[in-house]
Asker: 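The structure follows.
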There are 2 protein chains.
Amino acid sequence: MFVLGIDPGLTRCGYGCVDTGGRASRAIAAGVITTSKEHAVPHRLAELQGEIRLLIAEYRPAVVAIERVLFQHNVRTAMSVGQVSGIVMAEAIAAKAEVIEYSPNQVKQAVAGYGSASKDEMERMVQALLGIKSPLRPVDAADAVAVALCHIAHQPAGVMR
Amino acid sequence: MFVLGIDPGLTRCGYGCVDTGGRASRAIAAGVITTSKEHAVPHRLAELQGEIRLLIAEYRPAVVAIERVLFQHNVRTAMSVGQVSGIVMAEAIAAKAEVIEYSPNQVKQAVAGYGSASKDEMERMVQALLGIKSPLRPVDAADAVAVALCHIAHQPAGVMR
């Protein structure tokens, strides 16, 4: 079964597709969708919608796990992250995937064992959980894989295989 | 030329399509897309995406004018309004429409003449500008028509016909 993790963002939207079918979780695709700050927001959203649709059509994830937007930071960024998350959710449901949101704290808790894990610790844990020799790059892709791994960790043992 | 005004919302999303081709602006369609609070947000967003897509396919507006989300109010509501606005923008651009956002103040200023106009005054002005005998209902539809009329007011005289 494939779980697609999404770290939503308008300038950089991380994605990571994890296969839960083997003995260990395996990242089968991870990367970043970028849109140019020089274009108008509606055009960037439309471009991102197209990319997300292609991604979902290619990997056909059973679940799309999205990092939940929090509002304590920059309002303008939060707004565009909200717009992106809305688009991802609608596209996922339209493609018959299940959609689940996890807070940044839930992701850290599930992947590193505690909610205040640093970026570095998260990257090392993602690397260890995937059994890969060097940290996953770019960082947004690793963040998105962490969201997928968080979803996997939330399932009862054995249910995902 | 058709201008589709959108007052974005997840529970109630107002829309109003205004024809600028005659001597006076004429509302050719106005209404509200509703989604049930009993369903999960991703499903509601997907449902709304489908309805917006149908609306744009039916009326083929040259411009989609959207009321800009402001963040001073309820954060949870602002989040879902942001998600809806992102979906509307992406769908509009995908259908080759132009997308323009107007703040609530711009809409009031353009339609009623001043930024602190009350709901009642706005409704009466929408009614007067459309030359209709009773106020447009439901209110969300009138709000959306006001956004379309705001866009029309921002065009140089004669350009829209």
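Each chain gets a letter, A, B and so on, in the order its sequence line appears, and its residues count up from 1. Below, each value reflects all heavy atoms present in this structure, side chains not excepted, and no hydrogens, waters or symmetry copies.
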Asker: How far apart are the closest heavy atoms of B/Gly82 and A/Met79, and which atoms are they?
Answerer: CA-CE, 3.1 Å
Asker: Are B/Met89 and A/Gln83 packed together at the side-chain level, in the sense that at least one heavy-atom pair is separated by less than 4.5 angstrom?
Answerer: yes
Asker: Please identify each residue that fulfils side-chain hydrogen bond (donor to acceptor under 3.5 Å, both in side chains) with A/Arg12, with sequence neighbours left out.
Answerer: A/Asp140
Asker: Using a cut-off of under 4.5 Å on heavy-atom pairs, state which of A/Ser85, A/Ala94, A/Ala90, A/Ala92 scores highest against chain B.
Answerer: A/Ala90
Asker: Could you see if A/Tyr15 belongs to whatever hydrophobic cluster contains A/Ile152? Use Ile, Leu, Val, Met, Phe, Trp, Tyr and a side-chain cutoff under 4.5 Å.
Answerer: no
Asker: Quick one: salt bridge (charged side-chain N to carboxylate O under 4.0 Å, His left out) pairs with a partner in residues 96-110 of chain A, sequence neighbours left out?
Answerer: A/Arg68-A/Glu101
Asker: May I ask you to list the residues in residues 115-139 of chain A that approach chain B closer than 4.5 angstrom, counting heavy atoms only, ordered by number?
Answerer: none
Asker: So which of A/Val84, A/Ile93, A/Ile66 has the biggest tally of heavy-atom pairs under 4.5 Å with chain B?
Answerer: A/Ile93
Asker: Is A/Ile100 reachable from A/Leu4 through a run of hydrophobic residues whose side-chain heavy atoms are each under 4.5 Å from the next?
Answerer: no
Asker: Taking heavy atoms only and a threshold strictly under 4.5 Å, list by residue number the residues of residues 39-53 of chain A that touch chain B; give 'none' if the list is empty.
Answerer: A/Val41, A/Pro42, A/His43, A/Leu45, A/Ala46, A/Gln49, A/Arg53
Asker: Applying the 4.5 Å side-chain criterion to the ILVMFWY set and letting contacts propagate, would A/Val3 and A/Val111 be lumped into a single cluster?
Answerer: yes
Asker: Please tell me whether B/Val63 and B/Leu55 are part of a single hydrophobic cluster in this structure, the criterion being side-chain heavy atoms less than 4.5 Å apart.
Answerer: no
Asker: If you group Ile, Leu, Val, Met, Phe, Trp and Tyr by side-chain heavy-atom gaps below 4.5 Å, do B/Val147 and B/Ile33 land in one group?
Answerer: no
Asker: Can you give me the closest heavy-atom contact between A/Gly86 and B/Ile87, atom names plus distance?
Answerer: O-CD1, 3.4 Å
